[in-house]
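Okay, so here's the structure we're looking at.
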2 protein chains.
Amino acid sequence: MPHTYEYPRPSVTVDTVIFSVIADDLKVLLIRRGVEPFKGAWAIPGGFVGMDESLEDAARRELREETNVQGVYMEQLYTFGAPERDPRGRTITVAYFALIAADQREIAAATDSDAVEWFSVYNLPPLAFDHASIVEYALTRLRFKLDYTSVGFQLLPKKFTLTELQAMYEVILARKLDKRNFRKKVLSMGILEPLEETKMEGPHRPAKLYSFTEDELVAWPQHPTMGGEKGPLAGLMGRRSDGA
Amino acid sequence: MPHTYEYPRPSVTVDTVIFSVIADDLKVLLIRRGVEPFKGAWAIPGGFVGMDESLEDAARRELREETNVQGVYMEQLYTFGAPERDPRGRTITVAYFALIAADQREIAAATDSDAVEWFSVYNLPPLAFDHASIVEYALTRLRFKLDYTSVGFQLLPKKFTLTELQAMYEVILARKLDKRNFRKKVLSMGILEPLEETKMEGPHRPAKLYSFTEDELVAWPQHPTMGGEKGPLAGLMGRRSDGA
């Protein structure tokens, strides 16, 4: 298919911010750049969009190639296109964010590269390009969605205790929440299924396990009078599968 | 600045969905294409990104050139990049949405082109490219944000009645809301300032005028226990000015 435009064309890349909650900290998966520019610096994984692949396919391919991560929740974040953001020339990047649940994390560890590492989002090394801004934007989006949707459950294992659920909220929001209010609120939402199983949270403290009841991401039913309803948000949200 | 990539490069455009509420209907501003492909078809305004301008600058420039619209609320929507979306060759478009308040609308009428027209979002003509999908996505985003943020006030004049406020919600959500519940809810939010002035809503019905108290977009304070707070969302939202 010939290009007939007379306009100069920018390069287009995809870059992905990968979050996971590890040992009560919110971590981001970074790779160390092996080539110029910013050779040796840490960066979020990404690369050029192929001419015959969709943007999400490109993001998932780069993630797989560079970090071995696949099958995780992904969502388009924002497109960054400041004219001087890449010293090689005009490059526009479509940024994604991905969430890896605790029970999916072995996929990221499976890469044999020592140039892939988890860092605390609260203590990042200097990053290549404008990647620090992209990570910051992703954290803002994650916090916003945590308040209004069920996206946070993508970070939990399939079965979790209320302590684990609250710890996930606290590390993302970077502050403590009141235990009693938190439990009352989440249990009233009708999105948690209590399981028969328990998990030990101390030598003598078996804690009930729960699972998330919804198959899809949902928005919380906040504004019945303003129009709000709990419901699937497929059109607005990312997804876990690789399907197009 | 020389490009040294060996990768083929796609074209990059910006396209903007412009909403306004006119005569109790949610309208979208369309332009009739004067060139191939899709010559003669209606489309949302947009065009190619210049090599030295930011994406938002490009979107605002195209809007000004094609529809005379400027100084309105704009927010980046989503980037569409399906490989076959443009018959001329691989073209990735960064879509924006803009909201025009009732008292800003003369700016759009000032263009002397008869190829610019408002259409009901609920009764659109066939659109060029994948623009129908882009409009649908913009409507989904607008509905979502209407529930969770103050974005809807960008569609109202500076002074409005509660009847006008409710009508704006109803036309965007495409359903009727209970008047008493609606008023109770919006008045309890602490975001409306009652003015001394009134406006006639019938021969004998003077209705109180209100204004929106916040300078910035805010998210509603929904989840105090889940971490939610009312506060500025500058990082996540669009803006009204042309500033970079």
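Here is how names work: the chains are called A, B, and so on, in the same order as the sequence lines, proteins then strands, and each is numbered from 1.
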request  = Can you measure from OG1 (B:Thr79) to CZ (A:Phe80) and round to the nearest 0.5 angstrom?
outcome  = 10.5 Å
message = Measuring only between side-chain heavy atoms, which start at C-beta, is B:Met51 closer than 4.5 Å to A:Pro10?
response = yes
Interatomic spacing from CG in A:Asp52 to CD in B:Glu84 - rounded to 0.5 Å = 7.5 Å
query = Do you know the tightest heavy-atom contact between A:Val12 and B:Ile92?
reply = CG1-CD1, 3.8 Å
remark   = When the 4.5 angstrom heavy-atom criterion is applied to B:Glu53 and chain A, the contacting part is backbone
request  = Would you confirm whether B:Arg90, through its side chain, and A:Gly50, through its main-chain N or O, come within 3.5 Å as a donor-acceptor pair?
outcome  = yes
query = Are there more than 12 heavy atoms of other residues, nucleotides or ligands under 6.0 Å from atom NZ of A:Lys208?
reply = yes
remark   = Here the pair of heavy atoms bringing A:Pro83 nearest to B:Ser54 is CG-N, 3.9 Å
ask   = What are the two closest heavy atoms between B:Phe144 and A:Thr149, and how far apart are they?
value = CZ-CG2, 4.1 Å
inquiry  = Does A:Glu136, at its CD atom, have more than 12 non-hydrogen atoms belonging to other residues, nucleotides or ligands within less than 6.0 Å?
reply    = no
